[in-house]
Amino acid sequence: MMNQTTTTFHPPLSVLSSSPLGKVRKGLLLSFFALSFFLSSCNKDDEIHSVYMVYPSVSANYLSQGFQPVFADQVEDTLAFCSTEAWELVSSDDSWLHVPEAIRKYTNVKSSTLYEVRDLVTFEPNTTGRKRTGTIRINAGEYTITTGYLQLPYLNVHRPMRLLRSGDLLTSVSDSLVAIADSCNVTLDSIAFTTYADWMLTIKQGDWTTLGATSGRKGYNKVYLTLQPNEASTDRTDTIYLTSAGITDAMPIKQYAKPRK
């Protein structure tokens, strides 16, 4: 049996590690259930040929029909695959889904070597107001495997929660945020979100709600709201707007009326 090594690449393409066939096979066996797609064959010399996707994982993204969901302001995500063959990567829509040049095409492969490839694909912010999907096709020898990304039209808001109206992430037509609702005497609440760019908060009326912060850096953020007690006999509403990378999400808030005696 021919010896096989594994070679890991991270751009710029360079050898980071290698291991003999026995270790490679052991690693593959442990990984089979986590891989989204796997193709392999052996020739008459028992030389292994294989191509498989590591990330995104189709099987893990059942809520989006196999597409890896990313948010509207998210500009990068991981792409990872393994191949023993020379490969070429093709994006279905270069206008917003970009394959890094460092791994787009590679032909200088060595016989009986498994290449592990990991890099970041990049996205343009989704300012269309609609969900959009894009695929990356990996052509490797006689094999072709495809993976995809679903870029959502909204931001990653944790509180208030987002309601998936119907179906899954791909087919649902209205994934709106549910209003934060407080009783008349509540004076402190909060919103929480993760952005992938610097953010800004504004409020539509602001006559009974004060924001604890109005701007910040990307990442997870929790912002406290200071509310004035509602002494009126009617409920009142307001809207907080979160903006990141040119995308704005509306977060409704509501405070109930003071109960009648």
Side-chain angles (χ1 to χ4, degrees), residues 1-70 74 76-123 132-151 170:
M1 179 178 293
M2 298 182 66
N3 291 329
Q4 185 184 39
T5 61
T6 179
T7 302
T8 302
F9 284 132
H10 195 282
L13 290 176
S14 59
V15 177
L16 297 181
S17 64
S18 63
S19 60
L21 178 61
K23 291 185 180 180
V24 173
R25 281 186 168 174
K26 184 179 296 183
L28 293 180
L29 289 172
L30 292 175
S31 302
F32 277 164
F33 293 103
L35 300 176
S36 61
F37 200 70
F38 177 79
L39 294 170
S40 67
S41 65
C42 297
N43 61 17
K44 62 183 180 180
D45 298 319
D46 204 20
E47 181 179 346
I48 293 178
H49 299 266
S50 62
V51 181
Y52 57 87
M53 185 64 62
V54 178
Y55 183 91
S57 171
V58 173
S59 59
N61 298 319
Y62 64 94
L63 284 177
S64 52
Q65 295 191 19
F67 290 93
Q68 175 64 30
V70 295
Q74 194 168 342
E76 63 183 22
D77 198 11
T78 300
L79 174 69
F81 64 93
C82 293
S83 176
T84 58
E85 315 300 304
W87 69 81
E88 181 178 16
L89 276 60
V90 180
S91 170
S92 64
D93 192 343
D94 278 321
S95 67
W96 70 272
L97 174 57
H98 310 301
V99 176
E101 287 297 330
I103 64 168
R104 183 181 291 271
K105 188 174 183 178
Y106 194 71
T107 58
N108 190 29
V109 296
K110 298 178 181 179
S111 177
S112 300
T113 299
L114 180 66
Y115 293 82
E116 298 177 347
V117 185
R118 181 180 296 270
D119 203 351
L120 295 174
V121 295
T122 56
F123 319 106
R132 60 185 180 186
T133 58
T135 59
I136 294 177
R137 187 176 72 251
I138 302 174
N139 299 320
E142 62 184 84
Y143 309 118
T144 298
I145 59 177
T146 302
T147 191
Y149 298 86
L150 164 65
Q151 194 175 36
L170 182 63

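As the structure is a computational prediction, the values presented were derived from the model and not from experiment.
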Q) Would you call C82 and V54 a side-chain contact if the rule is heavy atoms closer than 4.5 Å? A) yes
Q: For T133 and W96, work out which heavy atoms get closest and say how close.
A: C-CZ2, 3.5 Å
Q. If you look at every heavy atom in A80 and M53, which pair is closest and at what distance?
A. O-SD, 3.3 Å
**Q.** From CG (L120) to NE2 (H98), nearest 0.5 Å
**A.** 13.5 Å
Q: Please answer whether the main-chain N or O of I136 pairs with a side-chain N or O of T147 as donor and acceptor at a distance below 3.5 Å.
A: no
Q. Just how far is it from atom CD1 of I145 to atom CD1 of I138, taken to the nearest 0.5 Å?
A. 4.0 Å
(Q) Quick check on ring pair (Phe, Tyr, Trp, His ring centres under 6.0 Å): which of Y52, Y115, W87, Y55 does F81 satisfy it with? (A) W87
Q: Assess whether side-chain contact (heavy atoms from CB on, under 4.5 Å) is satisfied between V117 and S83, documenting all intermediate values.
A: CA-CA 8 Å; V117 185; S83 176; over 6 Å; no
Q | side-chain contact (heavy atoms from CB on, under 4.5 Å) evaluation trace for L79 with D119 | A | CA-CA 6 Å; L79 174 69; D119 203 351; 5.8 Å; no
Q | Contact summary for T107 and A86, nearest pair of heavy atoms | A | CA-CB, 3.7 Å
Q) To the nearest 0.5 Å, how far apart are CD in E76 and OG1 in T78? A) 8.0 Å
Q.
If I compare all heavy atoms of H49 with all of T84, which pair ends up nearest, and what's the gap?
A. CA-OG1, 3.3 Å
**Q.** Heavy-atom closest pair, residues S50 and L114
**A.** OG-CD1, 3.8 Å
Q. Is the backbone N or O of T146 less than 3.5 Å from a side-chain atom of T135, with the two atoms forming a donor-acceptor pair by type?
A. no
(Q) Can you tell me how far apart CG (L89) and NZ (K105) are? Round to the nearest 0.5 Å. (A) 11.5 Å
Q: Specify the closest pair of heavy atoms between Q74 and F123, including all atoms of both residues, with the distance to one decimal.
A: O-CD1, 3.5 Å
Q: With side-chain contact (heavy atoms from CB on, under 4.5 Å) as the test, would you mind laying out the steps for E85 and V109 before giving the verdict?
A: CA-CA 7 Å; E85 315 300 304; V109 296; over 6 Å; no
